[in-house]
Engineer: 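Quick one: the structure is below, and I'll ask about it shortly.
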Amino acid sequence: MKKWVWMGLMCLLWYPAAQAQSVMNLKECLQIGIENNYDLRISRNEQRVSDNNLSLGNAGFLPVLDASAGLSTRNNNSDQYPADEGETEVLRNSNTNTLTAGVDLNWTLFEGFKVQTNYKRLKELKSIGELNTQFDIENFIADFTSEYYNYVQQAIRMRNLRHAVDLSRERLRIVESRYQIGSLSRLDLQQARVDFNADSSQLIQQYEVLHTSRIRLNQMMGMENVEQPLFVSDTDIVFNDALSKEELFRDMMAKNTSLQLSEKNRLLGTLDLKTLQSRNYPYLRLNAGYGFSDYRYNKGTWDKQRNWGPNIGLTLGFNIFDGFNRKREQKNARITMENRQLELDRLKLSLQSDFSNMWMAYKNNILLTQFEEESLRNALLNYEIAMDRYKLGDLSGILLREAQNSLLEAEQRLLTARYQTKLYEISLMLISGKIDEYLN
């Protein structure tokens, strides 16, 4: 690769650094995301709707008061024929103007405890709205934290590949020097150039991967400019290898949001049954009002007439027979309650299975990370020995390349093991309801 091409590549890779902004850690990024993320803003607005729905009026505790007014006019023409065959009485253009106004009050005083049950149901729906928002926030924290450490992983991989390019460049320099004095063949020179170009190609591709992760993080944080530079304080993937299985399991059964939502749905089934059972009782309704009416005549005995005054009444009723629908609906409600209890039990079993698999993978990846750390130390030592022998002319370029590839592969395996361990840590914190600790 020519010198100007390499300089162009480095400018491309380091362009974001020219617009460096403040360095942020995971907590700061999460706080911005929780505040600005569009999905979370929508979720919080939906919670506000369920909060607003919790009211005495929506439950049915309060009466309904209506006011009405009307104005009408009527034109009559009539012919009246007396039974004694007397003179026909003719009436033309008899106008009646009517003005009415009134206030009506309707209030259900008793409907088999339906109103009280409705209020309890609205309270549970409000609680479900809060849990749904909490569920969305927890999943956002888990997704963002995973992507955050993926960004760290890709940045480390970028450094590893850049180091690999530096090693290939050093090898190319040595080969070019020896080729000039005739101690190495043109084949060795061409092979060194091929390896250098291959490593440079991987580095260019890695920039694209890092760019994609940065765009994703900016999008999750709700940034208007998703291409803006992002600099994080973490330069390595550090995981917690001292999690307690018993503590996490206990917290999962007590704090898991999905479990709480399932429990709320089961409770809603119980309230739905109580609402249907309210039809087993009679209902008592109060009707009251105050009315006013004014009639104006242009013909006849009266010139005008006015009526006004209050009215009040009670209605007591009971549904005697509705085609057995009431019994059918209550029977179906009991089946629904049973299904929701089964769904809750199924979810508990599923969470226990997921937890067991996550814990096994978490512990296994901790051991794998320790193994890969030792492998990296050996690969680094092996490469240093190979490079010393290569400089002395005691080792071929192919064997040096194998040592270099072994070093890069060891770095990548260790990085992958650390990232996978971090992912399982995040999953365990999410399922146990402790994911918000990443905000501390």
Side-chain angles (χ1 to χ4, degrees), residues 42-76 95-133 264-265 267-298 300 302-323 325-330 332-333 336:
I42 292 172
S43 180
R44 282 192 288 266
N45 281 339
E46 291 174 348
Q47 179 186 337
R48 291 171 59 192
V49 172
S50 60
D51 291 346
N52 292 336
N53 285 336
L54 178 59
S55 66
L56 295 176
N58 194 26
F61 274 106
L62 303 180
V64 176
L65 187 63
D66 294 315
S68 62
L71 177 64
S72 64
T73 182
R74 180 178 180 180
N75 182 275
N76 290 323
N95 294 323
T96 303
N97 296 316
T98 306
L99 173 65
T100 61
V103 178
D104 297 304
L105 181 143
N106 296 284
W107 194 357
T108 300
L109 301 177
F110 179 76
E111 199 172 4
F113 307 104
K114 180 180 179 180
V115 174
Q116 293 84 345
T117 304
N118 282 344
Y119 191 74
K120 291 179 181 178
R121 193 175 192 278
L122 291 173
K123 289 178 66 175
E124 294 304 325
L125 289 174
K126 178 179 181 296
S127 180
I128 288 176
E130 295 170 351
L131 285 174
N132 281 328
T133 302
K264 290 295 182 182
N265 284 328
L267 183 56
L268 281 181
T270 303
L271 294 175
D272 289 340
L273 175 60
K274 290 184 177 180
T275 299
L276 292 172
Q277 288 174 336
S278 66
R279 295 168 58 187
N280 298 336
Y281 297 87
Y283 58 84
L284 180 63
R285 293 168 184 162
L286 170 66
N287 309 103
Y290 191 94
F292 171 82
S293 59
D294 181 84
Y295 302 93
R296 300 293 176 98
Y297 314 99
N298 69 336
W302 306 100
D303 178 54
K304 59 184 177 180
Q305 178 183 352
R306 290 178 179 173
N307 299 317
W308 65 90
N311 64 84
I312 188 169
L314 290 173
T315 302
L316 178 66
F318 180 74
N319 180 267
I320 298 176
F321 180 73
D322 64 351
N325 287 322
R326 180 172 54 194
K327 184 178 181 180
R328 173 185 56 82
E329 291 172 354
Q330 293 178 19
N332 288 342
T336 300

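Since this is a predicted model, take the numbers as computed values, not measurements.
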Engineer: Are any non-hydrogen side-chain atoms of N45 and R48 less than 4.5 angstrom apart?
Structural biologist: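 Yes; the side chains approach each other to less than 4.5 Å.
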Engineer: List the steps, then state whether side chain to side chain contact (heavy atoms under 4.5 Å, CB included) holds for N118 with T275.
Structural biologist: CA-CA 7 Å; N118 282 344; T275 299; 4.1 Å; yes
Engineer: Any side-chain heavy-atom pair from L286 and L105 closer than 4.5 angstrom?
Structural biologist: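 Yes, their side chains come closer than 4.5 Å.
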Engineer: I'd like to know if K126 and E130 make a salt bridge, using a cut-off of under 4.0 Å between side-chain N and carboxylate O.
Structural biologist: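 Result for this pair is yes, salt bridge flagged.
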Engineer: Assess the side chains of S278 and E111: does a donor N or O sit below 3.5 Å from an acceptor N or O?
Structural biologist: no
Engineer: Please lay out, stage by stage, how L284 and T108 fare under the test side chain to side chain contact (heavy atoms under 4.5 Å, CB included).
Structural biologist: CA-CA 6 Å; L284 180 63; T108 300; over 6 Å; no
Engineer: Step by step, would you call R285 with N106 a side chain to side chain contact (heavy atoms under 4.5 Å, CB included)?
Structural biologist: CA-CA 7 Å; R285 293 168 184 162; N106 296 284; over 6 Å; no
Engineer: Is the count of non-hydrogen atoms from other residues, nucleotides or ligands lying under 6.0 Å from Y281 atom OH greater than 12?
Structural biologist: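 For Y281, atom OH is not crowded (no more than 12 foreign heavy atoms under 6.0 Å).
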Engineer: With a 4.5 Å limit on heavy-atom distance, are the side chains of V103 and L65 in contact?
Structural biologist: yes
Engineer: Using side-chain heavy atoms (C-beta onward) and a distance below 4.5 Å, is K264 in contact with L131?
Structural biologist: yes
Engineer: Examine distances only and state if a side-chain atom of T133 and a backbone atom of G129 form a donor-acceptor pair shorter than 3.5 Å.
Structural biologist: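 Pair found, side chain donor or acceptor close to backbone of G129.
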Engineer: Answer yes when D322 and K327 have at least one side-chain N-carboxylate O distance shorter than 4.0 Å, and no when they do not.
Structural biologist: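 Not counted as a salt bridge, because no side-chain N and carboxylate O are separated by less than 4.0 Å.
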Engineer: Check whether any side-chain heavy atom of N58 sits under 4.5 Å from a side-chain heavy atom of L54, and report yes or no.
Structural biologist: no
Engineer: Report yes or no: do Q330 and N280 form a side-chain donor-acceptor pair below 3.5 Å?
Structural biologist: yes
Engineer: What's the verdict on side chain to side chain contact (heavy atoms under 4.5 Å, CB included) for L71 and T98, showing C-alpha distance, side-chain angles and the deciding distance?
Structural biologist: CA-CA 6 Å; L71 177 64; T98 306; over 6 Å; no
Engineer: As an exercise, state the distance from CG of N132 to CZ of R44, rounded to the nearest 0.5 Å.
Structural biologist: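 So the CG of N132 and the CZ of R44 are separated by 14.0 Å.
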Engineer: Do the non-hydrogen side-chain atoms of L268 and L125 ever get within less than 4.5 Å of each other?
Structural biologist: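 L268 reaches L125 side chain to side chain.
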Engineer: Considering only heavy atoms from C-beta outward, does the side chain of Y119 approach that of F61 to under 4.5 Å?
Structural biologist: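 Y119 reaches F61 side chain to side chain.
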Engineer: Can you tell me if R328 and N325 form a side-chain donor-acceptor pair at under 3.5 Å?
Structural biologist: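 Yes, because at least one side-chain N or O of R328 sits under 3.5 Å from a partner of the opposite role on N325.
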Engineer: In the structure I gave you, are the side-chain heavy atoms of N319 and R326 within less than 4.5 Å of one another anywhere?
Structural biologist: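 Yes; the side chains approach each other to less than 4.5 Å.
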